[in-house]
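As C-alpha cells, the structure follows; a few thoughts come after it.
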Amino acid sequence: MSEALDKMVGYRCIACGWEASADGLVTTCEECGANLDAVYDHEAIRASWSRENLAADPDPSLWRWLPLLPVRNGPGRRSLRVGGTPLVELNHIAGEFGLKRLLVKDDTRLPSGSLKDRASEVAIQHAAEHDRQMLIAASTGNAAASLAALSSWHGVRAVILAPASAPPAKLVQILQHGATLVPIDGSYDEAFDLSVQLAERTGGYTRSTGINPVLAEGKKTVALEIAEQLAWQVPDAVFVPVGDGCIMAGVYKGFADLLALGWIEKLPRLIAVQAEGSCAVVNALESGGEIRPVSAATVADSISVDFPRDGEKALRAVRVSSGFGVRVSDEEILAAQHDLASRTGVFAEPAASAAWAGLKKAAASGQLTEVESAAVLATGSGLKDIEAAQREIQLPQAVAPEVSAVEKAIQTGRRA
Ligand SMILES: *Cc1c(COP(=O)(O)O)cnc(C)c1O
Ligand SMILES: [Zn+2]
C-alpha cells in the first residue's frame with residue numbers, strides 16, 4: 001500500500017462508532033445502518049506534509065489534497081482539472097449585508113458545471129482502485145451529469161437512474177457524454193433505492209449520495225480550497241445549499257480535517273439553506289429532533305429531496321459549528337438567482353442561488369451579528385436550467401433594424 005492510504009485509519013460510523021478498514025468498499029454501518037466517516041491519522045499526515053509542501057505543488061486540481069483523500073493515487077494523466085475554482089471577492093456588495101468581506105466560491109466553473117464533479121472525480125478513482133468498471137448513480141441531474149462527463153474522460157461506464165422530471169439540459173448532458181441513462185417514472189428517492197439494488201445485483205460501484213462515504217471526501221475539497229485561498233483564515237460563516245446534505249457534510253469534514261491538522265484555528269459557522277418546499281434538515285435543526293421525511297416540491301431541483309440521505313451528517317455539521325438553518329421560498333430563490341447573476345457575473349442554478357437567498361434572509365433577520373466575513377457556495381451553473389431562469393426574465397420586444405429604434409429601446413429599457 002502506498003503512503004497516501006497508510007495515513008487513512010479507515011471508516012467510522014457517525015452514530016455508534018463501528019469501524020471498517022480503508023481497504024474495502026463500504027457503504028453504511030453494519031451495526032446500526034448509519035452513514036460512515038472517512039477517518040485519517042492527522043498526526044501522521046502532519047509529520048510528512050505541510051502547508052509549505054502544498055504551496056509548492058503546482059497542481060491546481062483537487063489532487064493536490066491526496067494525503068487527505070481515501071485513495072492511493074490521483075488519476076495520473078491530468079486533464080479535466082476538477083477543483084481549483086475561483087473564490088470571487090464581492091467587496092462592492094459585502095457592506096449591504098453588514099459584512100466586511102463576502103466571497104462566492106464559484107463551482108459553476110467545474111467541468112460539468114456543478115460541485116458534484118469533486119465527488120465524481122474521487123469516486124471514479126476509488127472505483128478503479130477497487131477494480132469496478134461500472135459506476136451507478138441515482139441523481140436529480142447534476143451528480144449524473146458529472147459522473148457521465150468525468151467517466152467519459154476516464155474511460156469507464158456510467159449508468160444513470162434519474163427521475164424523468166429532471167431538467168432537460170441535465171439529461172442531455174448525460175447522453176452527450178455517452179452514459180447509459182434510464183429515466184425513472186418516479187421520484188429521486190425511488191431512483192435512489194433502485195440504484196442501490198442495481199449495484200448489489202451487478203457488482204457496480206455506487207455513486208449515490210450518503211451511502212458512499214467517499215463522496216463527501218471529494219466534496220470536502222471545496223472547503224480545503226476556501227481555507228487555502230484565504231491563507232488559512234477561514235470565513236466566519238459559510239452558506240451551503242442543502243438537499244441530501246452531502247455537500248454540507250463534506251464542507252464540515254474539510255474544515256474539521258484542517259482543524260485537526262492545526263492548519264486553521266476555527267470552524268466557520270455552517271449555514272444550511274433549504275427551499276421551503278424541501279426542508280427536512282432545517283426542520284430537524286429547529287425542532288432539535290430527528291429528520292422526518294417531507295414531500296418535496298421546489299423550483300430548485302438539485303435540492304428537492306424527500307428524505308436527505310446525508311441528513312444526520314448535515315445536522316452534525318451545523319450543530320458542531322454553531323451554525324443555523326434558513327428556509328427560502330421559490331420566489332426568493334429566483335429573485336436571488338437574478339440578483340447574483342446581474343451583480344456578480346456568477347450565473348447559478350436555482351439550488352445554488354438558494355444559498356445567496358439564504359445569505360440575504362439571514363442578514364435581513366439579524367442573524368449575522370457576529371459574522372464579519374462569509375463565503376457562499378455557488379454549487380451549479382444557471383445554464384443547466386434555463387426554463388427556471390426564464391421565469392424572472394422578460395425577453396424584450398424586437399425592434400426595427402434602425403439605430404433610432406435601438407436608441408429608443410435603450411432609453412426605455414429597464415435592466416431585466
Ligand atoms: C447536489 C446539489 C446541491 C445539494 O447537495 P446535497 O449534497 O444533496 O445536499 C446543491 N446545489 C447543487 C447545484 C447541487 O447539484
Ligand atoms: Zn453504527
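Here the structure is a predicted model, which means the values were calculated and not measured. Computed over heavy atoms, backbone and side chain alike; hydrogens, waters and symmetry mates excluded. Ligands are counted one by one from 1 in listed order, and the atoms in each one are counted from 1 as well.
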- Message: I want to check something: taking the side chain as every heavy atom from C-beta on, are Trp63 and Pro75 in contact at a cut-off of under 4.5 Å?
- Response: yes
- Query: Taking heavy atoms and a distance under 4.0 Å, where does Met248 meet ligand 1: side chain, backbone, both or neither?
  - Reply: neither
- Query: By number and element, which atoms of ligand 1 are closer than 4.0 Å to a non-hydrogen atom of Ala351?
  - Reply: 11 (N)
- Query: If you stand at the Zn ion (ligand 2) and look out to SG of Cys29 and SG of Cys16, what angle do those two lines make, to 10°?
  - Reply: 110°
- Message: Just to be sure I read this right, does ligand 1 sit under 4.0 Å from the backbone of Asp244, its side chain, both, or neither, counting only heavy atoms?
- Response: both
- Flag for Tyr205-Asn212: side-chain donor and acceptor within less than 3.5 Å: yes
- Query: Does any donor atom in the side chain of Lys170 or Ser302 lie under 3.5 Å from an acceptor atom in the other side chain?
  - Reply: yes
- Message: Quick check on contacts: which atoms of ligand 1 are under 4.0 angstrom from a heavy atom of Cys246?
- Response: 6 (P), 7 (O), 9 (O)
- Item | Any N/O pair Ser114/ligand 1 closer than 3.5 Å | no
- Query: Does an N or O anywhere in Lys116 fall below 3.5 Å from an N or O of ligand 1?
  - Reply: yes
- Side chains of Arg309 and Asn35, donor plus acceptor under 3.5 Å: no
- Does any N/O atom on Gly245 come nearer than 3.5 Å to any N/O atom on ligand 1? yes
- Query: Is the Trp356 to Phe347 ring centre distance short of 6.0 Å?
  - Reply: no
- Query: For ligand 1, which atoms sit closer than 4.0 Å to a heavy atom of Glu349?
  - Reply: 13 (C)
- Run the numbers for me: atoms of ligand 1, each under 4.0 Å from some heavy atom of Val242, listed by number. 9 (O)
- Considering only heavy atoms of Thr379, which atoms of ligand 1 have at least one such atom less than 4.0 Å away? 10 (C), 11 (N), 12 (C), 13 (C)
- Query: Which atoms of ligand 1 have any heavy atom of Asn142 under 4.0 Å away?
  - Reply: 13 (C), 14 (C), 15 (O)
- Would you call Arg101-Asp236 a salt bridge at under 4.0 Å N-O? no
- Counting only heavy atoms, which portion of Ile303 has something under 4.0 Å from ligand 1: side chain, backbone, both, or neither? side chain
- Query: Between Ile247 and ligand 1, does any nitrogen or oxygen pair lie at a separation below 3.5 Å?
  - Reply: yes
- Under 4.0 Å to a heavy atom of Lys219 - the qualifying atoms of ligand 1, by number: 7 (O)
- Message: Do Glu121 and His154 pair up side chain to side chain, a donor and an acceptor below 3.5 Å, judged on atom types alone?
- Response: yes
- For residues Thr298 and Asp330, is any side-chain donor paired with an opposing acceptor at under 3.5 Å? yes
- side-chain contact (heavy atoms from CB on, under 4.5 Å) partner of Lys219, the single match among Val122, Val214, Thr209, Val251: Thr209
- Just jot down the ligand 1 atoms closer than 4.0 angstrom to any heavy atom of Gly380, in number order. 13 (C)
- Using a distance-only test with no angle check, is there a side-chain donor-acceptor pair under 3.5 angstrom linking Ser365 and Gln367? yes
